Amino acid sequence: MKYFKLVFSALMVALSFVTMADPTSQSTIQNPDGSFTFTQKISGNSTSPHYIAPSGYGFDEYSWFNEDYGWQHSFDLFNQSNYDNFQIQSATLLIRGWDVDSEPFHGESGEYDGLSVDGLPLDPGLLQGTNNTWSETQFNVPLSSISDDGLIDVYLDIDMNHNSRHWATTLDYSLLSITYIETSNLPPFQAELSFSPSAGVSVNDDLVVSATGPTPADPDGNAVNYQYRWYVDVGQGFFVDDTFAGKAEHTGNTVPASQTANGERWRCSVTPVDGNGLLGPATTVTWLTIGDSDNDGVMDNIDAFPNDPLRAFWSRTPVAGEYTLAYEDLWPQQGDFDLNDLVLHYSFERITDASNKVKQINFTAELVSRGASRANGFALSFAGVNASNVQSASISVAGASQSLTPEAGHNGEVVFVLVENLNSVMPSSGGFNFYNTQPGDIKTAVPVSFSFSFTNAVDSYLLASAPYNPFIFATFDRGTEVHLPNNAPTDLANTFMFGTQDDDSLPSSGRYYTTADNLPWALNITSRWKHPLEQVDVTLAYPQIKPWAESSGSTSRNWFTSPTATKCWQCQ
């Protein structure tokens, strides 16, 4: 072995003065401490198999987003029979490029040229540089990329954030450097890490990474230290070295809170090093976005659900107060047309995710009046979605809660029956025949809360806006539905009733549930409306509703604010 060392050392020194034949220039030198450093440069002068020059782009050429290319480094020592006696102390790849506009101030629109080795992205993962200058970026080469076959395939993905000519760069060369020693000593094991905070991160938190194992940390029992390399994404969408992002250079296991800011993401690569300088495999940990506790891309200060990655934004219809739904149940007859067979005050909440897709819908209501003799139910229909995508649903009526499943028999819509029989939750009492429709009959409104969520959030454009499609139906005849004017019936509706008696529906034109004079059987009113008394025609209680309806809503738009006081419930 002593003889081999002398011969090998002489050979390595000799190689330092010899330029290998194309495709590469490379050398190996012996260092004063007995270690060896192998370097290999790939450039535009290199040839196959290390580099095959593309036509019109590549090394020494200004290359654009659709002119990506690659090259290969090789570590010749891998093929020697005694390779297992040589252990690596460091392995880096240094790439020199021109006009790499990856400065942090560009944000997501900057030039980001991705680097990968053997199909795996490197840390920091992209070239770092500034406008109209030569810049050098040093990458740590994963040891596994060397030890598997001695070949290191590098690929450059130019201007990853654009699909047209926006940024370009020129590479001068790629330099592989591997320092190793001859020893039977084995490198340390890959570190097992913990890091804090391990969940949501605020600007008041220090970022700390700690080695927790394994035990022992080195197969030979050597003491093990750790090298820390820190990266940060300051809003670019990619990680860069902390110093390149304008931060201090951190070489320990902590980044103090004073060096962080909201919206940043941090990463740390930890490499074990034993007493002989041998490297073990690196381990990388990544923190959640600072100030974004659930890491959904929406900062906590504007995230209505900062600890729920599936929910981010909340909206209410109306913004404040409640609107009113009112129904006449004798359709297709006009009947007494008092529009008090069901009156409820309501609001909807719409909860969306970070992409503004709808995740959840909440409905809150007060059932105010029931002026119907027959038993009716109340339901909500949501077109554009399927029941298979409903994750969960629940309802509370008068304080009694239960889970709810979508009504069967519908395709391309989700229908929930909130109340099967309104008579059962709004019973007659006190000598009155109905519920809050006669003078002196004043009962407490019945509270209703309903909520359902989607398994997969739904694009907002697929859903109508609130109040969606609320309707009543005859409990004894499910096919008899009453909807807001021009709202389509559900799949279970009896369509043979359209155009009969007082109804002037024309389904082929999208006209539903109106008379020939455009009077509706249901109203959506943008206030807490006071409904007509029992058997008082709504046109008498609110005279302006007739010109409003006849003009298709172009005149008398505030008709609901001008009641005849003696003809409305609690208007006096």
Side-chain angles (χ1 to χ4, degrees), residues 11-12 15-31 35-54 57-61 63 67-80 82-84 86-98 100 113-129 134-158 169-181 187 229 269 271 278-282:
L11 176 61
M12 293 301 103
L15 282 174
S16 67
F17 298 101
V18 176
T19 300
M20 300 295 290
D22 282 340
T24 62
S25 62
Q26 65 184 33
S27 65
T28 301
I29 63 172
Q30 183 174 14
N31 302 310
S35 65
F36 299 91
T37 298
F38 168 85
T39 58
Q40 182 184 75
K41 179 184 288 187
I42 303 297
S43 67
N45 295 324
S46 302
T47 57
S48 177
H50 293 272
Y51 175 61
I52 301 175
Y57 62 96
F59 281 107
D60 303 323
E61 300 277 356
S63 304
E67 297 176 333
D68 306 330
Y69 57 97
W71 58 94
Q72 184 183 82
H73 285 281
S74 59
F75 184 41
D76 295 343
L77 188 63
F78 175 84
N79 296 314
Q80 297 192 18
N82 62 331
Y83 171 74
D84 290 341
F86 295 91
Q87 303 294 344
I88 294 175
Q89 293 180 314
S90 69
T92 62
L93 190 67
L94 186 145
I95 297 178
R96 187 170 189 256
W98 166 261
V100 181
D113 306 319
L115 264 295
S116 61
V117 163
D118 292 350
L120 299 175
L122 292 171
D123 278 329
L126 54 101
L127 295 180
Q128 298 173 173
W134 285 105
S135 305
E136 294 179 347
T137 309
Q138 181 169 289
F139 303 89
N140 293 330
V141 178
L143 300 184
S144 59
S145 296
I146 303 170
S147 62
D148 57 354
D149 58 5
L151 301 176
I152 301 164
D153 293 307
V154 187
Y155 188 76
L156 173 66
D157 185 354
I158 301 173
T169 190
T170 300
L171 292 196
D172 185 13
Y173 61 78
S174 172
L175 181 67
L176 174 68
S177 298
I178 300 175
T179 298
Y180 56 92
I181 61 173
R229 187 172 178 183
S269 178
T271 303
L278 302 185
L279 301 182

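Note that this is a predicted model, so its numbers are computed, not measured. All residue numbers in this chain count up from 1 along the given sequence.
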Query - Ser174 and its side-chain contact (heavy atoms from CB on, under 4.5 Å) partner, picked from His73, Arg96, Lys41 - result: His73
Report task. With rounding to the nearest 0.5 Å, note down the distance linking CG in Leu126 to CG in Leu115. Result -> 8.0 Å
Report summary line: Residues passing the side-chain contact (heavy atoms from CB on, under 4.5 Å) test with Asp148, sequence neighbours excluded, are Asp118
Requested in this report: Check Gln138 against Arg229 and note the closest heavy-atom contact, atom names and distance.
Outcome: O-NH2, 2.7 Å
Query raised in the report: Can you find a pair of side-chain heavy atoms, one from Leu171 and one from Trp71, that are under 4.5 Å apart?
Result: yes
**Report entry** Criterion side-chain contact (heavy atoms from CB on, under 4.5 Å) on Gln26 and Asp76, from CA distance to verdict
**Finding:** CA-CA 10 Å; Gln26 65 184 33; Asp76 295 343; 2.8 Å; yes
Query - Considering all heavy atoms, the nearest Asp172-Phe59 contact - result: O-CD2, 3.8 Å
Report task. Drop me the distance from Phe36's CZ to Ile181's CD1, to the nearest 0.5 angstrom. Result -> 10.0 Å
**Report entry** Flag for Asp157-Ser116: side-chain donor and acceptor within less than 3.5 Å
**Finding:** no
**Report entry** Gap between atom OG1 of Thr169 and atom CD1 of Ile95 - 0.5 Å precision
**Finding:** 10.5 Å
Query - Residue pair Thr39, Ser177: steps toward the side chain to side chain donor-acceptor pair (under 3.5 Å) verdict - result: CA-CA 4 Å; Thr39 58; Ser177 298; 5.7 Å; no
Report summary line: Heavy atoms of Thr92 and Val141 approach each other most closely as C-CG2, 3.6 Å
Query - Step-by-step side-chain contact (heavy atoms from CB on, under 4.5 Å) determination, Ser63 to Tyr69 - result: CA-CA 9 Å; Ser63 304; Tyr69 57 97; 4.0 Å; yes
Query raised in the report: Quick one: does Thr37's side chain get under 4.5 Å of Ile178's, heavy atoms only?
Result: no
Query - Euclidean distance, Ile42 CD1 relative to Thr47 OG1, rounded to 0.5 Å - result: 9.0 Å
Report summary line: Of all heavy-atom pairs linking Val117 and Ser145, the shortest is CG1-OG, 3.4 Å
Query - Test log, rule side-chain contact (heavy atoms from CB on, under 4.5 Å), inputs Glu136 and Tyr173 - result: CA-CA 10 Å; Glu136 294 179 347; Tyr173 61 78; 3.3 Å; yes
Query raised in the report: Is there a side-chain contact between Leu156 and Leu127 (heavy atoms, below 4.5 Å)?
Result: yes
Requested in this report: Decide yes or no for Leu176 and Phe38: does some side-chain heavy atom of the first lie under 4.5 Å from some side-chain heavy atom of the second?
Outcome: yes
**Report entry** Under the side-chain contact (heavy atoms from CB on, under 4.5 Å) test, residues paired with Leu151 that sit two or more places apart
**Finding:** Gln72, Ser74, Asp149
Query raised in the report: At their closest point, which heavy atom of Ser43 faces which heavy atom of Tyr51, and how far apart are they?
Result: O-CD2, 3.5 Å
Query - All side-chain contact (heavy atoms from CB on, under 4.5 Å) counterparts of Leu143, not counting sequence neighbours - result: Ile88, Ala91, Leu279
Query raised in the report: With a 4.5 Å heavy-atom cut-off, do Tyr57 and Ile158 have their side chains touching?
Result: no
Report task. Kindly compute the distance separating CG (Asp68) from CG (Asp113), expressed to the nearest 0.5 Å. Result -> 9.0 Å
Query raised in the report: Between Phe75 and Phe86, is the gap from one ring center to the other below 6.0 Å?
Result: no
Report summary line: Smallest heavy-atom separation, Asp60 atom then Gly44 atom, equals OD2-CA, 3.6 Å
Query raised in the report: Do the side chains of Glu61 and Glu67 get nearer than 4.5 Å, heavy atoms only?
Result: no
